[in-house]
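First the structure, in the form of structure tokens, and then the observations on it.
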Amino acid sequence: MITVGIDVGSITTKAAVVKDGQLLADMVMSTGYNAEDAGEKVFEKIIAELGITAAVVDRIISTGYGRKSVAIADKSITEITCHAAGAHYLNPAVRSIIDIGGQDSKAIVADENGGVQDFAMNDKCAAGTGRFLEVMARALEVDIDDFGEVSLKADTPAKISSLCTVFAESEVITLIAKGECRENIIAGIHAAIAARVAAMAGRIGLAAPVMMTGGVAKNKGVVSALENKLEQAIEVSPKTQVTGAIGAALIASSQA
């Protein structure tokens with residue numbers, strides 16, 4: 001049995017192909033303007049890469065911010081359920097997941113089977129998400145991919161009091177004008193994100209081990225700041241951006 005999970009996020013669209021419960025391939029591409037097109041394009045691209053046709057795919061499940069826009073999907077499922085299932089596949093010992101994506105952040109507590117026991121979510125604004133970091137990177141003229149490494153060189157993280165994207169950007173500009181170094185500013189940004197996510201996670205009570213998923217998990221500075229705030233180790237998903245797509249494909253396999 002071959003199943004596909006398609007995770008349409010605000011910044012990137014991901015796909016995963018599972019055969020008989022085992023991951024065959026995964027892929028990440030930019031979502032762009034049209035979420036429906038992105039879902040279909042990533043599907044066509046990944047099956048072409050595997051040398052198979054759509055006819056041999058038994059079931060497709062979509063997830064993520066744009067899950068309702070994927071017309072080729074047989075069903076859409078919330079990314080909370082899919083991230084829990086994907087994390088369980090990658091490490092069955094994991095009991096909690098922190099997912100920070102392009103537009104929202106989530107904390108999830110999972111059971112021994114990868115099912116969702118509880119969750120908390122911030123989807124009201126871009127505070128502390130990938131979009132937020134992109135705006136901060138532009139203000140500081142630092143490549144977003146270098147943010148993590150740069151922040152680890154800080155000696156005294158700057159104080160960022162607001163996580164509203166507009167107000168935080170204004171704070172960053174003020175800090176630049178005062179001569180604060182980029183390393184300290186970025187470390188301060190990461191500390192502010194960690195404080196917000198830890199507060200959200202505190203509402204449900206994370207159980208160890210904890211895995212971090214989503215694109216922001218590739219940022220070592222955010223991971224380090226979260227570990228300090230939560231006072232526990234965090235395992236970074238080996239498939240940070242595609243954990244949700246993997247979960248969707250696995251759920252598709254169990255439901256087909």
Side-chain angles (χ1 to χ4, degrees), residues 5-14 16 28 31 35 61-68 76-91 93-111 113-134 163-165 189-190 192-219 221-223 225-227 229-230 232-251:
I6 299 173
D7 179 359
V8 181
S10 60
I11 297 176
T12 59
T13 293
K14 292 76 66 174
V28 180
T31 297
I61 282 183
S62 62
T63 189
Y65 170 75
R67 63 185 178 275
K68 298 292 187 181
S76 65
I77 294 178
T78 171
E79 60 265 38
I80 292 162
T81 300
C82 292
H83 273 271
H88 178 76
Y89 172 82
L90 295 167
N91 181 359
V94 166
R95 290 295 173 269
S96 300
I97 302 100
I98 293 173
D99 170 53
I100 307 180
Q103 189 155 290
D104 59 33
S105 55
K106 298 172 279 290
I108 306 162
V109 176
D111 61 26
N113 299 310
V116 177
Q117 287 189 321
D118 202 357
F119 73 93
M121 184 174 184
N122 164 45
D123 61 353
K124 301 302 181 186
C125 66
T129 65
R131 289 287 189 200
F132 174 82
L133 285 169
E134 284 187 349
L163 260 183
C164 167
T165 305
I189 291 167
H190 292 166
I193 291 171
R196 185 182 181 96
V197 173
M200 178 183 66
R203 298 203 297 269
I204 60 171
L206 296 183
V210 179
M211 177 182 282
M212 189 168 172
T213 65
V216 176
K218 297 194 300 183
N219 183 318
V222 172
V223 176
L226 264 173
E227 287 182 323
K229 197 68 181 177
L230 295 171
Q232 62 178 295
I234 294 175
E235 175 187 345
V236 175
S237 168
K239 295 286 186 178
T240 54
Q241 289 179 278
V242 294
T243 305
I246 292 170
L250 291 165
I251 293 169

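The first residue of the sequence shown is numbered 1, and numbering continues consecutively from there. Reckoned from all heavy atoms, side chains included, excluding hydrogens, waters and symmetry mates.
- Using a 4.5 Å heavy-atom threshold, the side chains of Ser105 and Asp99 count as separate.
- Rounding to the nearest 0.5 Å gives a distance of 10.0 Å between CG of Leu226 and CD of Gln232.
- Atom OH of Tyr65 has 12 or fewer neighbouring heavy atoms from other residues, nucleotides or ligands inside a 6.0 Å radius.
- Looking at every heavy atom in both residues, Ile77 comes nearest to Thr81 through CG2-CB, 3.8 Å.
- The side-chain heavy atoms of Ile80 and Met121, taken from C-beta on, include a pair separated by under 4.5 Å.
- The main-chain N or O of Gly64 is found under 3.5 Å from a side-chain atom of Arg67 such that the two form a donor-acceptor pair.
- When all heavy atoms of Ala87 and Met211 are compared, the pair lying nearest together is CB-SD, 3.7 Å.
- Across Ala85 and Leu250, no two heavy atoms sit closer than the pair O-CD1, 4.1 Å.
- Nearest heavy atoms, Arg203 versus Ala120: NH2-CB, 3.9 Å.
- Side chains of Leu230 and Ile98 form a contact here, defined as non-hydrogen atoms less than 4.5 Å apart.
- Judged by distance alone, the side chain of Lys68 and the main-chain N or O of Gly66 form no donor-acceptor pair under 3.5 Å.
- The side-chain contact (heavy atoms from CB on, under 4.5 Å) test with His83 is passed by exactly one of Val116, Ile246, Asp7: Asp7.
- Taking each heavy atom of Ala249 and Ala16 in turn, the nearest pair found is CB-O, 3.7 Å.
- Met200 has its side chain within reach of Val197: a pair of non-hydrogen atoms, C-beta onward, lies under 4.5 Å apart.
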Handout entry: Steps toward side chain to side chain contact (heavy atoms under 4.5 Å, CB included) verdict (Ile193, Leu133)
Key = CA-CA 9 Å; Ile193 291 171; Leu133 285 169; 3.6 Å; yes
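- Taking 4.5 Å as the limit, every side-chain heavy atom of Val94 sits out of range of all side-chain heavy atoms of His88.
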Practice task
For the pair Val216 and Met212, evaluate side chain to side chain contact (heavy atoms under 4.5 Å, CB included) and give the outcome as yes or no after the intermediate values.
Solution key: CA-CA 9 Å; Val216 176; Met212 189 168 172; 4.3 Å; yes
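- Proximity of a side-chain donor or acceptor of Ser76 to a complementary backbone N or O of Thr63 within less than 3.5 Å is not detected.
- The closest side-chain heavy-atom distance from Thr129 to Gln103 is not below 4.5 Å.
- Residues Ala248 and Gly5 come closest through the heavy atom pair CB-CA, 3.7 Å.
- Ser96 contributes no side-chain N or O that, together with a main-chain N or O of Val210, makes up a donor-acceptor pair within less than 3.5 Å.
- Taking OG1 of Thr12 as the reference point, atom CD of Gln241 lies at 5.0 Å (rounded to 0.5 Å).
- Between atom CD1 of residue Ile6 and atom CD1 of residue Ile61 there is a gap of 10.5 Å, rounded to the nearest 0.5 Å.
- Under the 3.5 Å distance criterion, the side-chain polar atoms of Asp111 are matched with a main-chain donor or acceptor of Asn113.
- Here Ile100 contributes atom CD1 and Thr213 contributes atom OG1; the two are 9.0 Å apart, rounded to the nearest 0.5 Å.
- Within the 4.5 Å cutoff, side-chain heavy atoms of Arg131 are placed close to those of Ile11.
- In this structure, CD on Glu79 lies 5.5 Å from CG on Asp104, to the nearest 0.5 angstrom.
- In this structure, the side chain of Glu227 engages the main chain of Ile234 through a donor-acceptor pair within 3.5 Å.
- Between the side chain of Thr31 and the main chain of Thr13, a donor-acceptor pair closer than 3.5 Å is present.
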Exercise for the section: Kindly determine whether Thr243 and Thr240 satisfy side chain to side chain contact (heavy atoms under 4.5 Å, CB included), including the steps that lead there. Expected result: CA-CA 6 Å; Thr243 305; Thr240 54; 5.7 Å; no
